[in-house]
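I have placed the structure first, in the form of structure tokens, so that the comments after it can refer back to it.
Just so we're on the same page: letters track the sequence lines, and every chain starts at 1.
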Number of protein chains: 2
Amino acid sequence: MMLDPETQAIPRDCGDCPIRHRAVCARCEADELELLDQIKYYRNFEAGQTVVWAGDKMDFVGSVVSGIATLTQTMEDGRTQMVGLMLPSDFVGRPGRQTAAYDVVATSDMVMCCFRKQPFEDMMSRTPHIAQRLLEMTLDELDAAREWMLVLGRKTAREKIASLLSIIARRDAALNIAGRQGPMVFVLPLTREAMADYLGLTLETVSRQISALKRDGVIVLEGKRHVTVPDFNRLLDEAGDDSDGGMLA
Amino acid sequence: MMLDPETQAIPRDCGDCPIRHRAVCARCEADELELLDQIKYYRNFEAGQTVVWAGDKMDFVGSVVSGIATLTQTMEDGRTQMVGLMLPSDFVGRPGRQTAAYDVVATSDMVMCCFRKQPFEDMMSRTPHIAQRLLEMTLDELDAAREWMLVLGRKTAREKIASLLSIIARRDAALNIAGRQGPMVFVLPLTREAMADYLGLTLETVSRQISALKRDGVIVLEGKRHVTVPDFNRLLDEAGDDSDGGMLA
DNA sequence: TAATGGTTTTGATCTGAATCAAGGCTGTGT
DNA sequence: ACACAGCCTTGATTCAGATCAAAACCATTA
């Protein structure tokens, strides 16, 4: 048996925080960081653990430091749609709101850097650098959500899978800054069911389309989760995106 | 023949602007409003006119004052998805970005209150009230986009139509503050094709489902655009939303 | 090693929405 | 009044993806 994961969080100095330059604190000066440092606390979540349920009171906000979380919406009859995939540096929660709008679930083991909502809001109103960065991040998320509307509304099952894979591949390439030319390799952080919930498909269709992409040589699988992409432009092409090298910006 | 509609814009004092309390300027004090007033200008668009094409340089941002605009994304093969419906007070454009991310088209005659991007950005960094309000509006839009992801990913054609109708009905009720109990009445601001682009359907399916909702008494049509909703909760129910009176907040 | 439970694959069939194809309605200009 | 153009409706057929069903895979635990 393990200790309560919540108690394992290791205090960390903002200076060597892996998301220092991308998270909501990215623009903060040393003195501002100091203040944030005083109100932050870490929380660990195990894979599968729920962070909050939609509608529940949520008295904190925070950044994903490592691991992955999902935001999902559920209808009364059980149909679910994932509406956000929260990766390291992404911001969870909404200042100025009392309750969670979506179920937030840790898909892998995850660490969050949290702030109690009230102190964070106070700080936000006194620290333009935080509000500025949050606006920028929110605009980026809005663009991502709109991009996803096109995927959900107009793409075929095969294109949907290719779109998801290319997003994950791109992100992975961005983290492992390696400006490599060779084939991209990554681990799928989602089950087939989670992919289906993201893509508005059934898990059977997800499985079939992954098999088809494998059969056609667009991807190579080792095990169920380990993916190799021999030709990224080919994958983009299958996703129906502009195939010109959008190149990992 | 008409005059170039762009020249018809009538300067208007911010004091009696119909979107004064809801737009990006909502939180501004009198002196801040004064400054905005100096850099604003109005533009008129005719129904069907394109405001900007995706990818084109966009050197202004602004608020919809009256009328309706749409944001759409198009794939190379012509498939299109509407990703935003811009109503009075909604904010068009993104500070800090050079080019338009989406096609912006006026669906009806429309008036926009515009600001050249650079002066607006300068002002934003000096006027927290503007940045704060923009953050709030962007968070609202993000919520709306995520709501729409559920519609696109998981709802049936009938539910999609009912969802769209209830959104339009709700908005109309919010504008005509009338706290009426009777049946809701409104004019559809979109063609069948535009509805299809919003809902990820074909226009034939839109037409069929509207006919079906009419046949089943969920809505009453006079002409093609004039809609009456005898029982709003019934409509919400058809949309698959929580049917408890979410009540026009 | 075997039993167990969660995940994934694959097959057979069904179905909701797309596609293909006429027509109908309404307003505008001649 | 008529012709034309844009929208919209309706019908027939097709097809992509859902649903139903079974089995394979894989990691634990007994």
Taking atom types as they are modelled, would you say the side chain of B/Arg192 forms a donor-acceptor pair with the base of D/dG6 within the 3.5 Å cutoff? no

Contact check, residues 152-166 of chain B vs DNA chain C, heavy-atom distance under 4.0 Å, returns B/Thr156, B/Ala157

Could you tell me whether the phosphate oxygens of D/dC8, OP1 or OP2, come under 4.0 Å of any side-chain nitrogen or oxygen in B/Ser207? no

Roughly, in whole Å, what's the span from CG in A/Leu188 to P in C/dT7? 15 Å

Please report the C-alpha distance between B/Leu150 and A/Thr80 in whole Å, then the side-chain angles of each, then the deciding distance to 0.1 Å, and finally whether the side-chain contact (heavy atoms from CB on, under 4.5 Å) criterion is met. CA-CA 8 Å; B/Leu150 175 66; A/Thr80 66; over 6 Å; no

DNA chain C nearest-nucleotide lookup for A/Thr191 and B/Thr205: closer to the 5′ end is A/Thr191

To the nearest angstrom, the CG-C1' distance between A/Leu199 and D/dA16 comes to 15 Å

Expressed as a whole number of angstroms, how long is the span from A/Leu201:CG to C/dT8:P? 15 Å

Please work out which residues in residues 212-229 of chain B have a non-hydrogen atom less than 4.0 Å from an atom of DNA chain C and list them by number. none

For the helix from C/dT1-D/dA30 to C/dT30-D/dA1, what angle lies between the axis at the first five pairs and the axis at the last five pairs, to 10 degrees? 20°

For a quick test of reading the model: is some side-chain N or O of A/Thr202 closer than 4.0 Å to OP1 or OP2 of D/dA18? yes

Taking atom P of D/dT10 as reference, at what distance in whole Å does atom CD of B/Glu204 sit? 13 Å

Return the value, rounded to whole Å, for the distance between atom CD of A/Gln209 and atom P of C/dT10. 12 Å

Exercise: identify the closest heavy-atom pair between B/Gly240 and A/Glu76: O-OE1, 3.2 Å

Distance, rounded to the nearest Å, where A/Leu203 contributes CG and C/dT9 contributes C1': 10 Å

Got a second to check how far A/Phe186's CZ is from A/Arg225's CZ, nearest 0.5 Å? 12.0 Å

With a 4.0 Å cut-off on heavy atoms, is B/Gly200 in touch with a base, just the backbone sugar-phosphate, or nothing at all? sugar-phosphate

Picking from D/dT9, D/dA12, D/dT19, the nucleotide nearest the side-chain atoms of A/Arg208 would be D/dT19

